[in-house]
**Q** 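Just passing along the structure, written as structure tokens.
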Amino acid sequence: MKTILQEPFFNCSTLKVAEELLGKVIVRRIGSREISFPITEVEAYDGHADKASHASKGKTLRNAPMFGEAGFWYVYLVYGMHWMLNIVTGSRGYPAAVLIRGAGDMNGPGRAAKALNVTKRFNNRPANRATGLWIEDRGVVVKKSDIKRLPRVGVDYAGPVWAKRKYRFVVV
DNA sequence: TAAGTGATCTCT
DNA sequence: GAGATCACTTAA
């Protein structure tokens, strides 16, 4: 049983989407080939009040996709070399997204994006088959007891309150 | 542990 | 236009 996740799945509480994304499968079509990896680690960025979120400083050209429709990709470059792959959540106008930090054997968001051959070409595009990058539910259920909640990575600048929030979900 | 790397944002 | 800042990786 395969279902491609659509807007209703993502137009929901960001934390809930983040948690439920674990065990789902990210699929990339390159020409006639398809590669896929189960999602193992994610981070939630929820709303303008979240100091760790790009959206906390208001809407800019870069983070505009976060304010858009759920189920769209938000892709950007950090440290001059790594693409970060996020899926937008929540309703239009509410800035939120989930960062894909790990998929398959890959650890670290930069490597996951590299393995999937993701670049800004996917920024602000919908997650569906036509785009060539989407997420499937293949019926795998990750048990609650197999999910670990941890603080997010690299967001100390957000201050102790937000930096300590356990918005990161990992499959153990 | 620290350097590499470049888009983006915030001042002038 | 210049300068600071980064949701990271790799090699040492």
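In what follows, every heavy atom counts, from backbone to side chain, and hydrogens, waters and symmetry copies are set aside. A, B, ... follow the sequence lines: proteins, then strands. Residue 1 opens every chain.
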**Q** Ignoring hydrogens and geometry beyond distance, is a side-chain donor-acceptor pair present between A/Tyr76 and A/Asn63 at under 3.5 Å?
**A**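 On atom types as modelled, these side chains do not qualify, holding no pair under 3.5 Å.
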
**Q** Ignoring backbone atoms, establish whether A/His82 has a side-chain N or O less than 4.0 Å from OP1 or OP2 of C/dA7.
**A**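 No, because none of the side-chain N or O atoms of A/His82 sits under 4.0 Å from OP1 or OP2 of C/dA7.
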
**Q** Would you say CG of A/Asp105 has more than 12 non-hydrogen atoms from neighbouring residues, nucleotides or ligands within 6.0 angstrom?
**A**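 Incorrect, the count does not exceed 12.
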
**Q** Separation of A/Leu61 atom CG from B/dA7 atom P, in whole Å?
**A**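 Rounded to whole Å, this separation is 14 Å.
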
**Q** Going from CH2 on A/Trp83 to CG on A/Asn123, what distance comes out if it is rounded to the nearest 0.5 angstrom?
**A**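 Rounded to the nearest 0.5 Å, the CH2-CG separation comes out at 8.5 Å.
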
**Q** Are the ring of A/Tyr45 and the six-membered base ring of C/dA7 within the stacking cut-offs of under 5.5 Å and under 30°?
**A** yes

**Q** Measure CZ/A/Arg165 against P/C/dA7 and give the value in whole Å, please.
**A**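 Distance check: A/Arg165 CZ to C/dA7 P gives 18 Å.
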
**Q** For a quick check of understanding: with a heavy-atom distance under 4.0 Å over all strands, which category does A/Arg152 fall into, base, sugar-phosphate or nothing?
**A** nothing

**Q** To the nearest Å, give me how far apart OH (A/Tyr74) and P (C/dA7) are.
**A** 9 Å

**Q** Rounded to whole angstrom units, what separation is found between the CG atom of A/Asp156 and the P atom of C/dA7?
**A**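 Between P of C/dA7 and CG of A/Asp156: 11 Å.
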
**Q** Between C/dA7 and A/Arg168, is there an OP1 or OP2 to side-chain N/O distance shorter than 4.0 Å?
**A** no

**Q** Please give the nucleotide sitting opposite B/dT5 as a Watson-Crick or G-U wobble pair, both distances under 3.5 Å, or none.
**A** none

**Q** Look at the side-chain N and O atoms of A/Arg101 and state whether any lies under 4.0 Å from the OP1 or OP2 oxygen of C/dC8.
**A** yes

**Q** Taking for each residue the nucleotide of DNA chain B bearing the nearest heavy atom, is the 5' side occupied by A/Tyr79 or by A/Lys120?
**A**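 Going by which nucleotide is closer to the 5' end, it is A/Tyr79.
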
**Q** Looking at every strand, decide which applies to A/Met81 at a 4.0 Å heavy-atom threshold: base, sugar-phosphate, or nothing.
**A** base

**Q** A/His54 NE2 to B/dC9 P: how many Å, rounded?
**A** 10 Å

**Q** How close or far is atom C1' of C/dC8 from atom CD of A/Glu41, stated in whole angstroms?
**A**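 Answer to the nearest Å: 13 Å.
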
**Q** Starting at CE of A/Met106 and ending at C1' of C/dT10, how long is that distance when rounded to a whole Å?
**A** 14 Å

**Q** Who does C/dG1 pair with, Watson-Crick or G-U, both distances under 3.5 Å?
**A**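 Here C/dG1 is engaged in a pair, and the nucleotide opposite it is B/dC11.
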
**Q** For A/Tyr94 and A/His48, which I'm curious about, is there any donor-acceptor pair between the side chains at under 3.5 Å?
**A**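 Side chains of A/Tyr94 and A/His48: no pair found under 3.5 Å.
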
**Q** Taking only residues at least two apart or on different chains, which pairs with a member in residues 132-172 of chain A satisfy ring pair (Phe, Tyr, Trp, His ring centres under 6.0 Å)?
**A**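 For residues 132-172 of chain A, and leaving out neighbouring residues, there are no ring pair (Phe, Tyr, Trp, His ring centres under 6.0 Å) pairs at all.
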
**Q** Please report, rounded to the nearest Å, how far the P atom of B/dG6 is from the CH2 atom of A/Trp83.
**A**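 Taking CH2 of A/Trp83 and P of B/dG6, I get 11 Å after rounding.
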
**Q** Is it the case that the base of C/dA7 and the side chain of A/Tyr76 share a donor-acceptor contact (distance under 3.5 Å, atom types as modelled)?
**A** yes

